[in-house]
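Side-chain atoms are counted along with the backbone in the values below, which use heavy atoms only and exclude waters and symmetry mates. Chain naming here is simple, since letters A, B, ... match the order of the sequence lines and numbering starts at 1 in each.
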Protein chains: 2
Amino acid sequence: MAANRASQPRSSVWLTPRPPTRGRRGADSGSGAGSLDREKIVATAVRLLDAEGTAQCSMRRLAAELGVTPMSLYWYVNNKDDLMELALDAVAGEIALPDLEAGNDWRDDLRALAASWRHTMIGHPWAIRCYGEYLNIGPQSMRFSRCAQAVVARSPLPEEEHSTALSAVFQYVYGFTSMESRWQEYGRESGRSPDEFFEEVAGSVAQAPGIKATGGMIERHSGLTMQQMRDLDFDRTLDWLLAGMCVGRRS
Amino acid sequence: MAANRASQPRSSVWLTPRPPTRGRRGADSGSGAGSLDREKIVATAVRLLDAEGTAQCSMRRLAAELGVTPMSLYWYVNNKDDLMELALDAVAGEIALPDLEAGNDWRDDLRALAASWRHTMIGHPWAIRCYGEYLNIGPQSMRFSRCAQAVVARSPLPEEEHSTALSAVFQYVYGFTSMESRWQEYGRESGRSPDEFFEEVAGSVAQAPGIKATGGMIERHSGLTMQQMRDLDFDRTLDWLLAGMCVGRRS
DNA sequence: ACCTGAACACCGTTCAAGT
DNA sequence: ACCTGAACACCGTTCAAGT
């Protein structure tokens, strides 16, 4: 994505953070709407990514949006990769966490975490792809991780399987949500609805003999909307996974 | 990635294919090593992607590799997106398929498919990310899909759950492999080994309180190499998933 | 401390022209 | 049928300079 030479290490905001004062004037100084700081840049980047997708979010375009010269952004962020890491962490901050004190079953808490992660990512379709591109170890991502760990810690699984269980759930949800949000973007790009575009592809694929499904998507039509089918797939698979981990154990 | 305007639909080789004669002279005519055709372009693209990663594989760079002007490539492919779809399908052709006539348990065949997909994708670390970016409905991808469908068709699952089961397995493997190959690339980019880089990140993260894992990766060290731990995670999760789908059913 | 202008080294792709 | 050259409209980023 960025023009990294293969030989030079990719930087990460989180590994070599900027001094926290950088771009932060005193609390009283934010005089005009025009004054720049890191939060404002990141917020604008998120808005731009949401509205027009990854392809349209360039440093130059973002600067124009902020009424400023491209190079002024580099005072606040080291480079575009860092900015994307910050944007990803910003949306990670929107993920709703279950109340761990409520005494719910750990499986339900884990299901809730999976669902709210998916929900947040679907709201920012560019974001899920960042997980495959950037380190995501910012404070908001860590808040989410800590919560997820606390949840499996209440499971009956032996301790050495805790991280396997976490990975299993979130790698699945990552895969599911990647595909789901990709179909959304296909829809937008093609000017059709996501489901219309899917129908078109499915139709084109169905001409080949013996084909019933495309890359993880489905073509059953039992009176359900595609959204309902996706939700059903999501829930059912999580049930399978959670049931599988608990086979032969007292829950 | 490509400079798509949001309003114009993304093309796909598979949806609007070139006439198959394009770039295919008669079988006898491939006179010099210098003569161009679509297969040769795709093969060179795969080699370049393998050797130097997505960032270094530009149309211009690829043309230089082929000793030709950038624009001559456009005689054989519509644009870069199409070329990437072709490259992805080319590596999909490397995936080893189980022998369906061997009469193995459907679960073992499914595990074999998951393993060989993972194996092929790890051999071309840029490839797994293409699944989140491009349609993958080329002939080789379809060959793989057809095989996977034939395998679940032998399962005891009710028919309306077949595609859910397929999606479950492959979305999980997609998530797992995305993360696994991303860490490989981090290693390469940082000039360290993948595991060294992981240790560095884990160390930096461990300074925050209450943290034990990063985004699906692990830090148990029970005398196993990280590769062994990854393999164990992969197998264990597939076992959970397969066990979960079969709960309460005769296998 | 913060922002700008000019410049560098790239991109993907169009178009008209060559052979 | 196949390939080229020049050009367009972009990129991310460096650097020296301004205030």
Side-chain angles (χ1 to χ4, degrees), chain A residues 1-8 10-11 18-26 29-32 34-41 45 48 52-85 87 133-134, chain B residues 1-8 10-11 18-26 29-32 34-41 45 48 52-85 87 133-134:
Chain A
M1 181 137 309
N4 293 310
R5 297 261 152 271
S7 52
Q8 57 189 192
R10 180 195 289 261
S11 68
R18 293 237 148 191
T21 53
R22 189 53 86 73
R24 290 213 187 152
R25 306 170 194 85
S29 71
S31 55
S35 72
L36 220 52
D37 61 24
R38 200 148 120 165
E39 268 114 68
K40 188 169 182 180
I41 291 171
L48 193 53
E52 317 200 15
T54 306
Q56 306 304 309
C57 182
S58 66
M59 296 298 272
R60 296 171 117 108
R61 177 75 203 284
L62 178 57
E65 211 77 19
L66 286 158
V68 103
T69 250
M71 288 319 301
S72 57
L73 302 180
Y74 288 86
W75 182 256
Y76 302 96
V77 296
N78 287 312
N79 49 46
K80 197 188 178 183
D81 284 346
D82 277 20
L83 178 56
M84 292 302 293
E85 288 189 307
E133 205 84 45
Y134 307 104
Chain B
M1 184 138 306
N4 293 310
R5 298 260 154 271
S7 53
Q8 59 189 189
R10 180 195 289 259
S11 67
R18 292 236 149 193
T21 54
R22 191 51 88 70
R24 290 211 187 154
R25 306 170 194 86
S29 72
S31 56
S35 73
L36 220 52
D37 63 22
R38 199 149 120 166
E39 268 113 67
K40 189 169 181 180
I41 291 172
L48 192 53
E52 316 199 16
T54 306
Q56 305 305 309
C57 181
S58 65
M59 295 299 272
R60 296 171 117 107
R61 178 74 203 284
L62 178 58
E65 211 77 19
L66 287 157
V68 101
T69 249
M71 288 320 301
S72 55
L73 302 180
Y74 288 87
W75 182 257
Y76 301 97
V77 296
N78 287 313
N79 50 47
K80 196 187 179 185
D81 283 346
D82 277 20
L83 178 57
M84 292 301 293
E85 289 189 306
E133 204 83 47
Y134 308 104

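Following rounding to the nearest Å, B/Leu62 (CG) and C/dG12 (C1') show an atom-to-atom distance of 13 Å. Per the geometry, CG belonging to B/Asn78 stands 14 Å off C1' belonging to C/dT14, to the nearest Å. Regarding A/Arg60, its CZ atom lies at a distance of 15 Å from the P atom of C/dC11, rounded to whole Å. The nearest whole Å value for the distance from the CG atom in A/Leu73 to the C1' atom in D/dC11 is 14 Å. Atom P of nucleotide D/dT13 and atom CE of A/Met84 are separated by 12 Å, given to the nearest angstrom. The interatomic distance linking A/Arg61 (CZ) with D/dA9 (C1') rounds to 15 Å, in whole Å. Going from atom NZ of B/Lys80 over to atom C1' of C/dC11 covers 8 Å, rounded to whole Å. Between the CD1 atom of B/Ile41 and the P atom of D/dC3 there is a distance of 8 Å, rounded to whole Å.
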(message) Expected output check: what is the dot-bracket annotation of DNA chain D, where ( ) and [ ] are pairs inside the strand (brackets for crossing ones), | is paired with another strand, and pairs are Watson-Crick or G-U under 3.5 Å?
(response) ||.|||||...|||||.||
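Distances from the side chain of A/Trp75 to the nucleotides D/dC15, C/dA1, C/dT13 place C/dA1 closest. Here the nucleotide nearest the side chain of B/Met71, chosen from C/dC11, D/dC2, D/dG5, is D/dG5. When the nucleotides D/dT13, C/dG5, C/dG12 are ranked by their closest atom to the side chain of B/Met59, C/dG12 comes out on top. Side-chain proximity of A/Ser72 to the nucleotides C/dG12, C/dA7, C/dC3 is greatest for C/dC3. Of the candidates C/dC2, D/dT13, C/dT13, the closest approach to any side-chain atom of B/Asn79 belongs to C/dT13.
Looking at heavy atoms from C-beta onward, B/Leu62 lies out of side-chain contact with B/Lys80 at the 4.5 angstrom threshold. Looking at B/Val77 and B/Met59, their side chains come closer than 4.5 Å, going by heavy atoms from C-beta outward. A heavy-atom distance below 4.5 Å is not found between the side chains of B/Leu73 and B/Leu83. Between B/Pro70 and B/Arg60 the shortest side-chain heavy-atom distance falls below 4.5 Å.
Look at the P atom in both D/dC10 and C/dA9: the space between them is 22 Å, to the nearest Å.
Residue B/Tyr76 places no side-chain N or O under 4.0 Å from the OP1 or OP2 atom of D/dC2.
Remark: B/Arg61 engages B/Glu52, B/Glu65 in a salt bridge (charged side-chain N to carboxylate O under 4.0 Å, His left out) (not counting sequence neighbours). For A/Asn79, the side-chain hydrogen bond (donor to acceptor under 3.5 Å, both in side chains) partners at least two apart in sequence or on another chain are A/Ser11.
Within the nucleic acid shown, B/Ser58 comes within 4.0 Å of sugar-phosphate atoms alone, with no base atom in reach, counting heavy atoms only.
The distance from the OH atom of B/Tyr74 to the CG atom of B/Asp82 is 10.5 Å, given to the nearest 0.5 Å.
Comparing A/Pro70 and B/Pro70 by the nucleotide of DNA chain C that holds the closest heavy atom to each, the one mapping nearer the 5' end is A/Pro70.
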